[in-house]
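Remarks on the structure that follows.
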Number of protein chains: 2
Amino acid sequence: MKLTSKGRYAVMALADLARFNNVNPVSLRDISLRQGISLDYLEQIFSKLRKKEIVQSIRGTQGGYVLNKKAKEIKLTNIFDAVDEKVKTVQCKKESKKGCNGKSTKCLTHNLWDELENHINNFFEEKSLEDLVKNNSEKRV
Amino acid sequence: MKLTSKGRYAVMALADLARFNNVNPVSLRDISLRQGISLDYLEQIFSKLRKKEIVQSIRGTQGGYVLNKKAKEIKLTNIFDAVDEKVKTVQCKKESKKGCNGKSTKCLTHNLWDELENHINNFFEEKSLEDLVKNNSEKRV
DNA sequence: TAGATACTTGACTATTTTAGTCAGGTTTAT
DNA sequence: ATAAACCTGACTAAAATAGTCAAGTATCTA
Ligand code: FES
Ligand code: FES
């Protein structure tokens, strides 16, 4: 199981943004340079973040992005959800009573994968952007 | 983040095996039919499981596979490890002091991904094959 | 008001990974 | 002998990933 770059970059970029989220909007160009992420790719990512109202955009010179909520209120879940990074442990449809591989009932291991999915999602629901930034500045002290 | 079929199948197949692990070895053909997994693919998977001494093979007619340890002693970690299903949340090398994207230090979010990786691995270290089979027969009662 | 900066959008593509298949073995019980 | 079952390695189609590229639009500042 691996985390995709898109998800990782989204969080990295927002952490960067949260850290510089004071007076001025932060341009993607700056984030791109600081975090070493392709500008074009960042644009794709931020387009999604904006649509889910996690960030707000300010166009024109001196423009950029700002957080649309308090860092405390932005959970990793929200970020991953926005960029379609989802945790998926099974192939079988959740709603359907059918199991994987076309079986008529759920397989032996189905519950396990459900548990796993919850276990991982719990982590994402607990962590907020604030935790990230705070944790990091504590370390620096 | 998603779980690959290889990992899922390995656990499914071993759960099946554990359940029928009484007198006779279990043939891959049977597992293939019961679980709806391609026989050829199962062979690849069991080759790895055997090399890591999770199962033992018995060749010839009436042959098949048996568990090489008690179900209680086979953790998901061991299974995933055997089939190279690994949890990977970062690109940067663990040992290296360098960060992702060629930076000279670890990035803002590196600790987070480390935590995530541990969080997931903990789950795999706790669960054993026995849990799986027991859990399931309890449900059946 | 010209120009630069920065956001916006959608299409396109190379690479990698996944999820197998296929072909040809070898071993052993009956 | 023969059939059942394991064993091995090479191959491949399809999907997912990680971007790139092109052509805009909006807004600030000189
Ligand atoms: S994973 Fe859901 S039925 Fe097998
Ligand atoms: S993830 Fe390890 S340095 Fe960025």
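In the text below, chain A, chain B and the rest are named by the order of the sequence lines, each starting its count at 1. Atoms considered below: every heavy atom in the structure, side chains included; atoms not considered: hydrogens, waters and symmetry mates. Predicted, not measured: the structure shown is a model, and the values here were computed from it.
- In this entry the distance linking CD of B:Q56 with P of C:dT28 reads 13 Å, nearest Å.
- Residue B:K2 is in sugar-phosphate contact alone, with no base atom involved, counting any heavy-atom pair closer than 4.0 Å across all strands shown.
- The side chain of B:T61 approaches D:dA4 more closely than any other nucleotide in the set D:dA4, C:dC7, D:dC6.
- In this structure, of C:dT8, C:dA6, D:dA5, it is C:dT8 that holds the atom nearest to the side chain of A:S57.
- Between A:Y41 atom OH and C:dT9 atom P the separation is 18 Å, expressed in whole Å.
- In this entry the distance linking CG of A:N24 with C1' of C:dA6 reads 14 Å, nearest Å.
- Looking only at distances, no side-chain donor or acceptor of B:K51 sits under 3.5 Å from a matching main-chain atom of B:A82.
- The distance from atom CD of A:E43 to atom P of D:dA23 is 16 Å, rounded to the nearest whole Å.
- Side chain of A:T109 to backbone of A:L112: no donor-acceptor contact under 3.5 angstrom is found.
- Close to D:dT17, at under 4.0 Å from its OP1 or OP2, lies no side-chain N or O of A:S5.
- Nearer the 5' end of DNA chain D, as judged by each residue's closest nucleotide, is the contact made by B:V26, out of B:V26 and A:L39.
- A:E85 contributes a side-chain N or O that, together with a main-chain N or O of B:M1, makes up a donor-acceptor pair within less than 3.5 Å.
- If you take CG on B:N118 and CZ on B:F123, they are separated by 15.5 Å, rounding to the nearest 0.5 Å.
- For the pair B:S38 and C:dT21, the criterion of a side-chain N or O lying under 4.0 Å from OP1 or OP2 is met.
- The aromatic rings of A:Y65 and A:F46 lie tilted to each other, with the angle between the two planes from 30° to 60°.
- If you take NZ of A:K88 and P of C:dA19, they are 10 Å apart, rounded to a whole angstrom.
- Note on A:F46: nothing from the nucleic acid sits closer than 4.0 angstrom, heavy atoms only.
- Between B:Q62 atom CD and C:dT30 atom C1' the separation is 9 Å, expressed in whole Å.
- For a distance-only test at 3.5 Å, the side chain of A:R59 fails to qualify as a donor-acceptor partner of the base of C:dT5.
- Side chain A:Q44 to base D:dT20: a donor-acceptor pair is found below 3.5 Å.
- Ranked by how close their nearest DNA chain D nucleotide is to the 5' end, B:D30 and B:K51 are led by B:D30.
- Distance from the side chain of A:Q91 is smallest for C:dA19 among the nucleotides D:dC6, D:dT29, C:dA19.
- Side chain of A:N78 to backbone of A:K75: a donor-acceptor contact under 3.5 angstrom is found.
- Proximity note for B:R50 (side chain, C-beta onward) versus D:dG19, D:dC6, D:dT8: the nearest is D:dT8.
- You'll find that the side chain of A:T4 is closest to D:dT17, out of D:dT17, C:dA19, D:dC6.
- Residue-level contact check: B:Y9 touches the backbone only, with heavy atoms under 4.0 Å from sugar-phosphate atoms and none from bases.
- Rounded to whole angstrom, the span from the CG atom of B:D40 across to the P atom of D:dA10 amounts to 16 Å.
- In this entry the distance linking CD1 of B:I37 with P of C:dT18 reads 17 Å, nearest Å.
- Residues B:L3 and A:G63 both approach DNA chain C. Their nearest nucleotides, taken by heavy-atom distance, put A:G63 toward the 5′ side.
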